[in-house]
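Just so you know, these numbers use all the heavy atoms, side chains as well, and skip hydrogens, waters and symmetry mates.
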Amino acid sequence: MSQAIKESIVSENNLSHRSTKFSQTAKLKSECSFNFWQKSLRRSIPIASAAIALSMSVILPSEAATVSYSGDTTNAPTFNRPETEGFEGGTNPPTSLSSNGTAVPYYSQPFSVNTTGSYDVVGFQDFLGIQFLYQNSFNSATPLVNLLNGNDPFPDENTSGFSGLSLTANNQYFLVTTGFDNSNTSFGTFTNTITGPGNITLGSTPVNVPEPSSIASTIAFGIFGSSFILKRKLRKLKSVN
């Protein structure tokens, strides 16, 4: 065999060896890269879920189940209040105007709640007080319109309120505190307390905040979606390799 042919065979063998070695090296690098990203993605799934879950404690609002406010009906505007049941023999909700309280001072407090449920109202007055609850709006010139409930002193004199009011989230309500008749014992200072399962906001504009259950559902969906996307990327990476 000639020297030229021998050199050609050796060269081809060396080239084949280098090609095989390069291929093995490239494959090894690819496998290392795949293993690195596989481990990274696997680690990122619980980390992402934990981060989102941790944010739930920051996003979820704390529920203030009680709110109180004070007022004074001395020299306040007057109206012919609705007739109440009990002593006056009216109905509830009232359907007639009172013949005893034709010009009684009143205080109207707008409020709303962010959770539908049962709420209680207790008022303490230094006079013989009565409470009325309105929905959507209150107009002293038409005191029977939008009227939901009325109450004599509850549970006794110098207290008035409601037990187990069914209130709807984000509806506008008005709690009207007034007196029994036109005498000088039917006005003065008072404090009302509203309690219930959700946040209670004093004011004329309802706060359209999602209920906690809706927020929790949104966050839970976000956690599931993030984990699903990461797992999907992991499967795609496997198929490529």
Side-chain angles (χ1 to χ4, degrees), residues 59-85 90-98 101 103-125 129-154 159-180 186-187 189-218:
I59 296 174
L60 289 178
S62 58
E63 300 221 351
T66 301
V67 66
S68 297
Y69 67 93
S70 299
D72 191 345
T73 59
T74 304
N75 299 319
T78 62
F79 78 138
N80 189 166
R81 66 168 177 80
E83 183 181 60
T84 60
E85 58 182 346
T91 60
N92 197 17
T95 56
S96 303
L97 297 181
S98 172
V104 286
Y106 69 91
Y107 184 107
S108 175
Q109 175 62 56
F111 74 96
S112 61
V113 299
N114 77 334
T115 301
T116 298
S118 179
Y119 291 77
D120 297 330
V121 176
V122 176
F124 296 93
Q125 308 94 25
I130 294 177
Q131 303 261 27
F132 295 98
L133 180 69
Y134 292 82
Q135 181 176 261
N136 299 328
S137 65
F138 165 70
N139 186 341
S140 61
T142 55
L144 296 177
V145 176
N146 296 325
L147 179 58
L148 295 180
N149 214 323
N151 204 296
D152 271 333
F154 165 83
T159 61
S160 62
F162 308 92
S163 177
L165 286 175
S166 180
L167 303 183
T168 302
N170 298 326
N171 277 4
Q172 182 71 76
Y173 295 99
F174 295 83
L175 183 59
V176 176
T177 303
T178 187
F180 177 73
S186 289
F187 57 83
T189 60
F190 67 90
T191 298
N192 289 333
T193 299
I194 308 172
T195 61
N199 291 317
I200 303 155
T201 302
L202 301 179
S204 58
T205 303
V207 180
N208 293 314
V209 177
E211 296 188 35
S213 59
S214 299
I215 297 176
S217 298
T218 301

I need the minimum non-hydrogen distance between [X] and [Y], along with the two atoms involved.
X	Y	result
Leu97	Asn80	CD2-O, 3.7 Å
Phe187	Pro105	CB-CG, 3.9 Å
Gly71	Tyr107	CA-CE1, 4.0 Å

Do the side chains of [Y] and [X] get nearer than 4.5 Å, heavy atoms only?
X	Y	value
Ser70	Thr191	yes
Tyr106	Arg81	no
Leu148	Phe162	no

Practice prompt. Measure the CG-OG1 distance between Asn151 and Thr84 for me, rounded to the nearest 0.5 Å.
Written response: 8.0 Å

Practice prompt. State the CG-CG distance between Asn170 and Asn114, to the nearest 0.5 angstrom.
Written response: 7.0 Å

Fill in: Tyr173: partners by ring-ring contact (aromatic ring centres under 6.0 Å, His included), with sequence neighbours left out
Phe111

Discussion item. Check whether Tyr134 reaches the backbone of Pro143 with its side chain - one donor and one acceptor, N or O, closer than 3.5 Å.
Written reply: yes

Practice prompt. Would you check if the side chain of Thr116 reaches a backbone N or O of Ala169 as a donor-acceptor pair within less than 3.5 Å?
Written response: yes

Fill in: Partner set under side-chain hydrogen bond (donor to acceptor under 3.5 Å, both in side chains) for Asp72, not counting sequence neighbours
Thr74

Discussion item. Assess the residue pair Ser160 and Ile130 against the criterion (side chain to side chain contact (heavy atoms under 4.5 Å, CB included)); give the C-alpha distance rounded to whole Å, side-chain angles, the decisive distance to 0.1 Å, and a yes or no.
Written reply: CA-CA 6 Å; Ser160 62; Ile130 294 177; 5.6 Å; no

Item to complete: Taking atom types as modelled, find out whether Asn136 and Asn171 have a side-chain donor-acceptor pair closer than 3.5 angstrom.
Response: no

